There are 2 protein chains.
Amino acid sequence: MGPPLRLTRAAAKARTRELLLAAAAQVFAEHGYAGASVDEIAAQAGYTIGALYSHFSGKDELFLTLFDLHAAGHLRDIEEIIRQCTGDPDFAALGDYLATLADNDSCRWALESEFRRHAMTRPELMARLAERRAAGQTAIAGLMPGRRPGTAQCAEDDAALVITQLEGLILQRRLNPASVPPGLFAEALRRFFPPPTWAGAAAL
Amino acid sequence: MGPPLRLTRAAAKARTRELLLAAAAQVFAEHGYAGASVDEIAAQAGYTIGALYSHFSGKDELFLTLFDLHAAGHLRDIEEIIRQCTGDPDFAALGDYLATLADNDSCRWALESEFRRHAMTRPELMARLAERRAAGQTAIAGLMPGRRPGTAQCAEDDAALVITQLEGLILQRRLNPASVPPGLFAEALRRFFPPPTWAGAAAL
DNA sequence: CTATTGACATAGCGCTCGCTATGTGGAGTA
DNA sequence: TACTCCACATAGCGAGCGCTATGTCAATAG
């Protein structure tokens, strides 16, 4: 048969699940885990709690599902940016992109803070988050140039520095956009990726 | 009269207030604002909710008091570290200090995440937090050397970068101490405070 | 067309919450 | 010592919570 005019049963279910997850992200971000009510999450998605409990076993599973999705995909954007810093990067454009990344998805960074707070008090969540971040850091380390040959600095350390620098800047821009203009993102990246020829000659 | 053997009435009241605030910080950090119960906060301090409500108008005032105390004092430690970076700094010692700063006060950084999440959804809190941080940043900017004369980089931008770098590293160390050894803090500081004579000669 | 399934709605239970009204005992004062 | 006061304890109320039991109706299969 051709494409159905209406969504098929399974497709509709998958769509409902996505809507519930998106609504949960928004409500968890705004009120925190304990402050978020399953009624509000379901209502935000356009359903009632019956729909929610037919897709998830409860509030906790909903939160943990979001946690894993977030932990898996969080460093991907940063990795992509770092990848574009190799070769002949356009730092100004990357700075603009980072600024929009910080400005959009308003609930994303609030969720990030909520996840971190949760992870700090629940060892198994901390382990999962640390593992995902370690994988992302290693991927980024593979992209970092082995510069400053005089120092014993390794690529893993460079990656940790650039990740935390960009995350810190993003969180700061969430609090006060004026204090972190796009040019500051660009400047931060420039410091980790100096012009290849000059730096090689000037070092030591 | 000499110092009283037992605490005077006002001193005991002040001590109770401090105990309540410390307990509140711990419980808010562990469970978040909505998840924290005033009963647990009072019990953690060794009192009941009667004591809590005779010192604070309610849960919200308790939280806002902590918020202001935190916002006021948060960048002081970083400012002190940056001050010690001027002159002839011992980066290794400062790195050790930053590591212990991240490791101790476990509830402090969980509270930091909770405050940020709250600020992201409440404009008046965001304004207050941004104002305090701007003041701290300006103080730190006054300590930053006006290096790299070739670039249009100003001290305020340098301060924003070093603050967000250190905060990002601290938060990362909370999640995974092994990924941020004390030496990485030291390396981060070194990059913002290069040896004075060499850098001046090597620049441009 | 009929039967069946299951995605989702509805109502309500038990529990905990923030907060208040009220009680009480020891520190302060003369 | 006797009176006063207030820091703190205690009991309970109304509201909202997560979750479950049950109902409903449209999409599917035969």
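Each chain gets a letter, A, B and so on, in the order the sequences are listed, and its residues count up from 1. Everything quoted here is computed from the prediction, not taken from an experiment. The basis for the numbers below is simple: all heavy atoms, side chains too, and nothing from hydrogens, waters or symmetry mates.
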Per-pair distances, 0.1 Å, donor-acceptor, side chain in residues 95-102 of chain B, under 3.5 Å, sequence neighbours excluded:
from, atom 1, to, atom 2, distance (Å)
B/Thr100, OG1, B/Tyr97, O, 2.7

> Can you check the A/Leu52 CG to C/dT10 C1' distance for me, whole Å?
Replying inline: 15 Å
>> Any base atoms under 4.0 Å from B/Ala36, or only sugar-phosphate, or nothing? Heavy atoms, all strands.
In response: sugar-phosphate
Sequence neighbours excluded and cut-off under 3.5 Å, please list the side-chain donor-acceptor pairs for residues 85-93 of chain B, or say none.
from, atom 1, to, atom 2, distance (Å)
B/Thr86, OG1, B/Arg83, O, 2.7
B/Asp90, OD1, B/Ala92, N, 3.4
B/Asp90, OD1, B/Ala93, N, 3.3

>> Taking side chain to side chain donor-acceptor pair (under 3.5 Å) as the definition, give me every residue that meets it alongside A/Thr164, ordered by chain and number, with sequence neighbours left out.
In response: B/Gln165
>> Show every side-chain hydrogen bond (donor to acceptor under 3.5 Å, both in side chains) that has at least one partner inside residues 21-32 of chain A, sequence neighbours left out.
In response: A/His31-A/Glu40
> Whole-Å distance between C/dG18 P and B/Phe63 CZ?
Replying inline: 13 Å
> A/Arg9 has a side chain; which of C/dG28, D/dC8, C/dA7 sits nearest to it?
Replying inline: C/dA7
> Can a salt bridge be assigned to the pair A/Arg117 and A/Glu114 using a cut-off of 4.0 Å between side-chain N and carboxylate O?
Replying inline: yes
> Among C/dG28, D/dT28, D/dT10, which is the nearest nucleotide to the side chain of B/Thr8?
Replying inline: C/dG28
> With sugar-phosphate meaning primed atoms plus P, OP1 and OP2, does A/Ser37 contact a base, only sugar-phosphate, or nothing at under 4.0 Å between heavy atoms?
Replying inline: sugar-phosphate
Listing, residues 62-79 of chain B side-chain donor-acceptor contacts under 3.5 Å, not counting sequence neighbours, or none:
from, atom 1, to, atom 2, distance (Å)
B/Thr65, OG1, B/Glu61, O, 2.7
B/Asp68, OD1, B/Arg128, NE, 3.3
B/Asp68, OD1, B/Arg128, NH2, 2.9
B/Asp68, OD2, B/Arg128, NH2, 2.6
B/His70, NE2, B/Glu112, OE1, 2.5
B/Asp77, OD2, B/Arg108, NH1, 3.1
B/Asp77, OD2, B/Arg108, NH2, 2.8

> Where along residues 18-31 of chain B does a heavy atom come under 4.0 Å from DNA chain C, residue by residue in number order?
Replying inline: none
> Taking OP1 and OP2 of D/dA9, is either one under 4.0 Å from a side-chain nitrogen or oxygen of B/Thr48?
Replying inline: yes
Name every donor-acceptor pair, under 3.5 Å, that has one atom in a side chain of residues 133-140 of chain A and the other anywhere in the protein, sequence neighbours excluded.
from, atom 1, to, atom 2, distance (Å)
A/Arg133, NE, B/Gln172, OE1, 2.7
A/Arg133, NH1, A/Glu167, OE2, 2.9
A/Arg133, NH2, A/Glu167, OE1, 2.7
A/Arg133, NH2, A/Glu167, OE2, 3.2
A/Arg133, NH2, B/Gln172, OE1, 2.9
A/Gln137, NE2, A/Glu156, O, 3.3
A/Gln137, NE2, A/Glu156, OE1, 3.0
A/Thr138, OG1, A/Ala134, O, 3.0
A/Thr138, OG1, A/Glu156, OE2, 3.1

>> Rounding to an integer number of Å, can you tell me how far A/Arg17 CZ sits from C/dG6 C1'?
In response: 17 Å
Identify every side-chain donor-acceptor pair in residues 43-55 of chain A under 3.5 Å, counting partners at least two apart or on other chains, and give the distances.
from, atom 1, to, atom 2, distance (Å)
A/Tyr47, OH, A/Thr16, OG1, 3.0
A/Ser54, OG, A/Ala51, O, 3.2

Close N/O contacts between protein and nucleotides 19-21 of chain C (under 3.5 Å):
from, atom 1, to, atom 2, distance (Å)
C/dC19, OP2, B/Tyr53, OH, 2.6
C/dC19, OP2, B/Lys59, N, 2.9
C/dC19, O5', B/Tyr53, OH, 3.2

